[in-house]
There are 2 protein chains.
Amino acid sequence: MSKHRPTIADIARRAGVSKVAVSYALNDRPGVSPATRASIKAIAEEIGWRPNSAARALTRARADTVGLALSRPARMLGVEPFFMELISGIESELSARGCALLLQVVTDPAQELEMYHRWWGEGRVDGVFLADVRSPDPRIEGVAELGMPAVVIGHPSAAGSLTPVWSDDSAALRDTLTYLAALGHRRVARVAGLPELAHTRLRDRAQREISAELGLDEPVVVHTDYSGEEGAHATRRLISSAARPTAVIYDNDIMAVAGLSVAQEMGLDVPADLSLVAWDDSQLSRVVRPPLTALSRDIPAYGTHAARTLLAMVADGSAPGFEDAAARLVPRGSTAPPR
Amino acid sequence: MSKHRPTIADIARRAGVSKVAVSYALNDRPGVSPATRASIKAIAEEIGWRPNSAARALTRARADTVGLALSRPARMLGVEPFFMELISGIESELSARGCALLLQVVTDPAQELEMYHRWWGEGRVDGVFLADVRSPDPRIEGVAELGMPAVVIGHPSAAGSLTPVWSDDSAALRDTLTYLAALGHRRVARVAGLPELAHTRLRDRAQREISAELGLDEPVVVHTDYSGEEGAHATRRLISSAARPTAVIYDNDIMAVAGLSVAQEMGLDVPADLSLVAWDDSQLSRVVRPPLTALSRDIPAYGTHAARTLLAMVADGSAPGFEDAAARLVPRGSTAPPR
DNA sequence: CACGGGCACTTACCCGGTTCAGTAACTCCG
DNA sequence: CGGAGTTACTGAACCGGGTAAGTGCCCGTG
């Protein structure tokens with residue numbers, strides 16, 4: 001067997017036609033007789049021909065690849081199931097359309113933007129996803145300037161001129177606070193994520209407004225880096241504070257689990273003494289005791305929608321944003337009326 | 001500003017030389033005077049030129065990309081921090097060498113092999129990683145046949161003719177069992193992962209052999225799908241069995257946490273009534289009460305070594321395998337002498 | 001039976017960067 | 001001062017596909 005991958009020239013030689021005829025035949029374009037087309041396809045199949053993606057990218061100016069750079073420290077990435085689930089959802093849509101995902105883990109947003117410059121300049125990708133949007137976020141303007149198709153995974157208010165795919169955190173928070181208020185809670189605190197992230201700020205504001213509306217106390221919000229350690233620390237502080245909250249909402253599940261452990265360790269009964277809600281549901285929420293009441297959403301579907309939107313942008317030059325379903329509150333054993 | 005990305009022809013025109021001179025200048029190859037080289041580089045910098053990766057791949061027959069396809073169901077992926085940490089480690093090495101990572105989540109190994117066929121046939125990747133090796137695993141032979149550089153993330157015994165990068169699970173298990181034996185445990189069970197995975201089998205065998213050596217009881221091993229649910233279920237069964245184990249080793253941390261919850265729910269005191277050990281450490285192990293004794297390893301470093309090995313294979317055609325450090329036992333509050 | 005038109009296929013050239021084989025001009029040396 | 005060797009650079013071809021613009025050939029038709 002020859003050591004080189006077969007090309008259309010090889011097929012053309014075998015079929016006794018020009019390589020143009022082969023190209024037409026394989027791309028199902030008119031200009032070849034059915035008989036020739038069939039024989040060309042048979043030969044292609046037989047020698048295991050695949051179109052060289054580089055050659056194709058060169059003429060079509062399409063890479064059939066989209067990029068995702070994540071700017072979180074490595075230790076943070078393992079922690080949250082969110083990204084893996086998002087990626088698997090993105091993938092399922094991409095692979096169905098023969099598109100690949102280029103992934104890069106970087107340490108900061110500046111480096112991420114530089115990555116996008118490189119990818120775009122090198123023609124490696126047709127578009128990118130932007131996650132973990134900050135406010136303000138230099139990536140937004142940077143990517144917009146490049147004219148590269150991009151989908152922001154986050155609220156429109158933070159997406160600038162780019163196309164957003166988002167879910168309504170405010171509605172989810174309203175459900176949760178309404179539920180907690182109905183149970184009789186008045187002091188609902190929140191252990192939030194990184195304060196520089198746009199969605200953290202949006203949640204902060206929504207919580208203040210909705211709390212006021214519902215007649216709850218002004219909420220105490222503690223910002224963390226999403227790690228279990230900081231979640232535990234924040235919980236300890238909240239429990240020890242003068243106006244101890246009767247319910248706490250955590251911006252991810254690892255912090256909620258950490259909070260649960262801390263509360264139990266400090267002799268509190270969950271949910272009688274303290275109710276806990278985890279934002280984003282995972283197996284973790286279900287395996288601890290009591291199981292955690294959680295804000296559940298279909299993250300793979302979220303990724304799928306983002307991918308679909310990005311592919312539409314690449315194909316048509318633009319695409320409408322997409323609002324995904326809001327997270328759904330799943331009450332479990334960690335919430336109850338306060339004592 | 002022109003709508004097209006600048007090419008070396010643009011630079012050549014501006015510099016008043018041929019595009020060949022530009023190519024030589026930009027690649028630091030002899031054949032251009034220092035003055036010309038400098039001016040060409042300045043122009044390239046000024047107009048923001050980047051080499052088109054497709055064009056480059058076409059001539060050099062190098063994609064500067066390696067692939068990783070993961071064949072686990074989506075819901076499984078989010079659960080384990082392992083892959084995200086591995087990927088971030090792989091990335092850090094790749095990006096330092098200007099290489100990209102193509103990621104694909106597929107549903108089964110057959111599809112994964114098909115993916116590798118496609119990638120290789122299309123010239124999209126220079127090599128791939130193989131994770132979650134089964135025994136037997138059709139991917140091993142399939143990839144070997146293609147002649148595609150590949151690194152197996154797993155034990156040499158399962159890697160066939162491919163190059164392995166692995167860590168010694170047997171040594172880690174020996175440390176753990178020796179430690180538990182020293183504490184006085186005799187019935188040490190294990191809640192293991194998928195039985196079809198080669199490393200699960202290796203651990204199973206090692207556990208039997210080492211247990212016998214140390215004079216422990218023949219170990220009970222329950223296989224699961226790595227999910228918290230099955231971990232909880234397995235733990236319930238073990239606790240309810242006639243010969244209840246006094247210590248349990250879990251093949252991942254989510255199952256260990258699930259097991260901890262189940263044990264506590266069933267009224268057992270951890271560690272007095274039941275000692276627990278988690279294989280692979282994460283934040284999770286530290287935030288629960290008691291914190292879990294864990295087999296800790298530097299997973300990003302593992303990924304880095306795998307990437308380094310693969311890049312060496314791509315460059316030189318072959319590379320020696322690499323044995324990474326074995327997991328280190330980190331004793332925490334979940335292990336103690338049996339009552 | 002000449003002519004328009006469609007079919008099946010080819011020739012020629014492009015994409016963007018690399019490589020090989022020149023070719024002038026300039027330097028060195030006997 | 002002629003020939004060898006070096007330097008700085010260029011033209012043409014190539015990688016593996018794609019597209020635009022032909023070119024014969026057969027067919028139907030007025």
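Here is how names work: the chains are called A, B, and so on, in the same order as the sequence lines, proteins then strands, and each is numbered from 1.
Between B:Leu26 atom CG and C:dG16 atom P the separation is 15 Å, expressed in whole Å. To the nearest angstrom, P of C:dT19 lies 9 Å from CZ of B:Arg60. D:dG17 atom C1' lies 13 Å from atom CG of A:Asp64, rounded to whole Å. In this entry the distance linking CD1 of B:Ile40 with C1' of D:dC9 reads 10 Å, nearest Å. D:dC9 atom C1' lies 16 Å from atom CG of B:Asn27, rounded to whole Å. For the pair A:Ile8 CD1 and C:dC15 C1', the computed distance is 14 Å after rounding to whole Å. We find that CD1 of B:Ile11 is positioned 11 Å from C1' of C:dG17, with the value rounded to whole Å.
Dashed line: the shortest gap from a side-chain N or O of A:Thr36 to OP1 or OP2 of C:dC9 is under 4.0 Å. Between D:dG18 and A:Arg56, a contact under 4.0 Å exists linking OP1 or OP2 to a side-chain N or O. B:Asn52 has no side-chain polar atom (N or O) that falls below the 4.0 Å cut-off from OP1 or OP2 of C:dC15. The phosphate of D:dG17 (OP1 or OP2) has a side-chain N or O of A:Trp49 nearer than 4.0 angstrom. Contact between the side-chain N/O atoms of B:Arg29 and the OP1/OP2 oxygens of C:dT18 is not found at any separation under 4.0 Å. Residue B:Ser23 places at least one side-chain N or O closer than 4.0 Å to OP1 or OP2 of C:dT18. OP1 or OP2 of C:dT10 lies within a sub-4.0 Å distance of a side-chain N or O belonging to A:Ser18. Under 4.0 angstrom from either OP1 or OP2 of C:dC9 there lies at least one side-chain N or O belonging to A:Ser33.
Checking B:Arg124 against A:Thr65 by side-chain atom types alone, a donor-acceptor pair falls below 3.5 Å. When only modelled atom types and interatomic distance are considered, B:Ser95 and B:Glu91 share no side-chain donor-acceptor pair under 3.5 Å. Residues B:Ser33 and B:Thr36 bring a donor and an acceptor atom of their side chains to less than 3.5 Å of each other. If you check the side chains of B:Ser53 and A:Glu122, you find no donor sitting under 3.5 Å from an acceptor.
Contact annotation for A:Arg62: no contact, since no heavy-atom pair falls under 4.0 Å across all strands. At the heavy-atom level, B:Val22 lies nowhere under 4.0 Å from the strands shown. Residue contacts for B:Arg50: at a heavy-atom cut-off of 4.0 Å it reaches the sugar-phosphate backbone alone, with no base atom in range.
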* To do: Show your reasoning for whether side chain to side chain contact (heavy atoms under 4.5 Å, CB included) applies to A:Leu102 and A:Val66.
  => CA-CA 6 Å; A:Leu102 207 52; A:Val66 295; over 6 Å; no
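In this structure, B:Ile87 and B:Leu103 have side chains that are in contact, with non-hydrogen atoms separated by less than 4.5 Å.
Distance from the side chain of B:Pro34 is smallest for D:dA8 among the nucleotides C:dA12, D:dA8, D:dT10.
Place A:Ala54 and A:Val20 on DNA chain D by their nearest nucleotides, and A:Ala54 ends up nearer the 5' end. Looking at which nucleotide of DNA chain D each of B:Ala55 and B:Tyr24 is closest to, the 5′-most match is held by B:Tyr24.
Judged by distance alone, with hydrogens and angles left aside, A:Lys19 brings a side-chain donor or acceptor within reach of the base of D:dG17, the pair sitting under 3.5 Å.
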